[in-house]
Amino acid sequence: MLRRRHCSSVLIIVASFLFAPLLPSPLECRKAMMKELESFPPLFPDAEMLQGKKHKSNMSSDCFAITEPDSDDDFNGDREPHIASVLACYRKNLVDRTNHNLGYPYNLELDYGAMARLQDFCINNLGDPFIESNYGVHSRQFEVGVLDWFARLWEIEKNQYWGYITNCGTEGNLHGILVGREVFPDGILYASHHSHYSVFKAATVYRMEYVKVSTLVSGEIDCADFEAKLLANKHKPAIINVNIGTSAKGAVDDLDHVIQTLIDCGFTQDRFYIHCDGSLFGLMVPFAPKVTFRKPIGSVSVSGHKFMGCPVPCGIQITRLDHIKALSSNVEYLASRDATIMGSRNGHAPILLWYTLNIKGYRGFQKEVQKCLRNAQYLKDCLWNAGISVMLNKLSNTVVFERPLDEALVRKWQLACEGIIARVVVMPSVAVEKLNEFVTEMVQKRSTWYQEGTLKPPCVATEIGTKNCFCTLHARKF
């Protein structure tokens with residue numbers, strides 16, 4: 001009986017996906033759900049007050065409500081078609097949102113059909129990936145294979161590194177900075193203003209003293225300001241976060257310049273620790289400045305769900321084996337050791353990463369990088385030729401331009417906005433046709449924003465430089 005009920009559930013759900021075109025559209029589903037939710041009180045009635053500032057356009061109390069089955073309803077046959085319909089509508093929404101993502105650095109060109117059968121297992125990589133625990137349903141052999149590949153990429157010997165597959169890029173930064181803090185308990189954390197917010201989150205969580213360093217217009221760390229702030233704190237060791245591609249502008253900090261600045265300020269290698277945040281650009285090789293453990297760096301992290309296109313959030317964190325000893329501790333019930341942040345880790349992620357690395361390899365990633373750089377330059381040229389202020393850093397796939405006035409356009413294309421600028425991150429899944437569609441819509445709508453003459457295109461020179469600004473003042477120079 002149980003097997004029969006299970007089979008019927010599966011058949012209904014599968015049928016819902018096969019016959020999705022016959023089901024209501026996402027908009028119809030949304031309207032129906034909103035009508036059902038109207039009777040419920042607001043989730044956060046004072047949300048604006050709680051936020052400290054207004055984010056009303058992005059706040060939503062929509063949800064797929066969970067209703068408990070009747071106590072005597074053992075079969076649940078009437079509920080399964082409803083559940084299947086909700087999932088089918090949700091899938092349609094995912095397809096639409098995937099087709100219109102430009103602002104966030106996710107490679108959505110996914111094909112992991114070969115992995116489907118592994119979803120039947122609870123795979124958990126508990127503890128140290130190099131020490132097997134008593135829990136036998138793990139993927140450590142895949143995890144170590146992925147780590148070895150990145151160790152070769154970043155030029156560190158197998159017997160000199162330690163690492164693990166994290167649950168996200170933020171965890172990689174949290175771990176890298178934690179290692180730095182353990183190496184230098186009284187050290188000061190230095191990070192540029194454009195560093196990822198997780199870097200400053202780490203400083204808060206670990207109660208570390210930190211100093212924000214100014215950036216150049218490109219978004220790269222300003223080593224002149226870095227030098228001044230190092231000299232003001234020469235009495236304490238330095239823990240430095242180096243960005244290998246910032247979120248805002250795709251800027252890459254000059255690792256060699258950072259190291260030389262430390263040396264010029266009198267910091268020997270036993271008085272500084274460098275963590276490299278390569279969330280996106282850590283895999284955009286060989287074009288990014290060489291990140292290698294042959295240089296005096298302490299750790300490198302990279303996201304697995306961005307350029308690599310893993311369908312679940314994850315990341316890779318590698319550090320020097322000598323540094324990890326201060327963090328590692330025995331866990332008796334696991335029969336293992338643990339130096340990770342989270343403990344339990346997604347065991348499917350290493351298999352997905354291993355699969356991708358075997359399918360594409362180093363040369364495959366090279367080709368995808370070249371494609372992204374070409375398409376990013378194409379988008380930059382299209383916007384510039386349309387009279388739109390735009391910037392593209394050298395060897396970057398992040399195109400930064402004036403923020404659209406139409407929030408509907410921003411939300412449709414999922415543009416990432418900060419202040420007066422917005423960005424498109426050109427990933428392998430973003431084709432030229434999609435860029436053309438976006439540019440056409442942007443240009444058409446922009447012509448209506450400024451046609452009356454009461455509004456003028458904004459000056460964004462402070463954000464992207466005068467040579468990239470097409471405002472009334474700076475356009476005359478061209």
Side-chain angles (χ1 to χ4, degrees), residues 9-37 57-58 60-65 80-119 168 280 303-314 346 348-349 352 355-356 359-360 368 371-372 375 379 397 404 406-417 422-442 445:
S9 301
V10 172
L11 288 172
I12 291 171
I13 293 173
V14 169
S16 71
F17 281 87
L18 291 174
F19 299 103
L22 303 178
L23 293 169
S25 68
L27 180 60
E28 291 171 333
C29 289
R30 181 181 173 85
K31 287 180 178 178
M33 286 185 292
M34 288 303 297
K35 185 175 181 180
E36 182 180 347
L37 289 168
S57 62
N58 284 342
S60 172
S61 59
D62 295 3
C63 72
F64 295 115
E80 289 171 349
H82 168 71
I83 292 172
S85 177
V86 170
L87 291 176
C89 286
Y90 176 61
R91 185 181 185 279
K92 279 191 172 184
N93 182 66
L94 288 179
V95 170
D96 175 73
R97 295 290 74 206
T98 296
N99 289 335
H100 291 91
N101 173 60
L102 289 180
Y104 295 88
Y106 304 126
N107 182 3
L108 302 177
E109 202 167 57
L110 309 176
D111 184 6
Y112 289 94
M115 304 291 103
R117 297 181 67 182
L118 297 179
Q119 296 300 317
C168 60
L280 171 62
S303 293
H305 57 288
K306 293 183 179 176
F307 198 83
M308 289 186 72
C310 187
V312 295
C314 60
N346 185 342
H348 291 87
L352 295 165
Y355 179 81
T356 297
I359 293 295
K360 295 182 179 179
E368 290 194 338
K371 173 187 172 184
C372 291
N375 289 350
L379 174 60
N397 65 333
D406 187 346
E407 283 301 310
L409 179 71
V410 169
R411 292 187 61 84
K412 174 182 176 180
W413 291 101
Q414 300 165 70
L415 304 179
C417 300
R423 68 175 179 266
V424 165
V425 186
V426 182
M427 299 298 286
S429 54
V430 177
V432 169
E433 292 76 16
K434 187 178 296 185
L435 297 176
N436 286 336
E437 183 183 349
F438 165 71
V439 171
T440 300
E441 185 173 357
M442 172 79 174
K445 293 202 170 185

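- Side-chain contact check for Leu102 versus Val425: every heavy-atom pair is 4.5 Å or farther apart.
- Side-chain contact between Leu352 and Pro311: present, with at least one pair of heavy atoms (C-beta onward) separated by less than 4.5 Å.
- His348 NE2 to Gln119 CD: the interatomic distance, rounded to the nearest 0.5 Å, is 4.5 Å.
- Glu441 pairs by the side chain to side chain donor-acceptor pair (under 3.5 Å) definition with Lys412, Trp413, not counting sequence neighbours.
- Qualifying side chain to side chain donor-acceptor pair (under 3.5 Å) partners for Tyr106, counting only residues two or more places apart in sequence or in other chains: none.
- Using a distance-only test at 3.5 Å, with no hydrogens or angles considered, no donor-acceptor pair links the side chain of His305 to the main chain of Cys310.
- At distances below 3.5 Å, at least one donor-acceptor pair connects side-chain atoms of Asn101 with backbone N or O atoms of Tyr104.
- The shortest distance between side-chain heavy atoms of Phe64 and Val86 falls below 4.5 Å.
- Once rounded to the nearest 0.5 Å, the distance linking CD of Glu368 with CG of Asn397 reads 11.5 Å.
- Separation of atoms NZ (Lys306) and CG (Asn107) is listed at 12.5 Å; rounding is to 0.5 Å.
- Residues Cys372 and Pro428 have side chains in contact (heavy-atom distance under 4.5 Å, counting atoms from C-beta outward).
- Taking both residues in full, the closest heavy atoms of His100 and Glu437 are given as NE2-OE2, 4.1 Å, listed atom of the first, atom of the second, then distance.
- Remark: the backbone N or O of Pro81 is not paired with any side-chain donor or acceptor of Ser85 at under 3.5 angstrom.
- Using a 4.5 Å heavy-atom cutoff, the side chains of Pro404 and Met442 are in contact.
- Distance OG1/Thr98 to CZ/Arg91: 9.5 Å, rounded to 0.5 Å.
- No side-chain heavy atom of Asn375 sits less than 4.5 Å from a side-chain heavy atom of Val430.
- In this structure, CZ on Arg97 lies 8.5 Å from CZ on Arg411, to the nearest 0.5 angstrom.
- Taken from CD in Gln414 to CG in Asn99, the straight-line distance is 10.0 Å, to the nearest 0.5 Å.
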(message) Applying side chain to side chain contact (heavy atoms under 4.5 Å, CB included) to Val312 and Tyr112, what does each step give before you reach the verdict?
(response) CA-CA 11 Å; Val312 295; Tyr112 289 94; over 6 Å; no

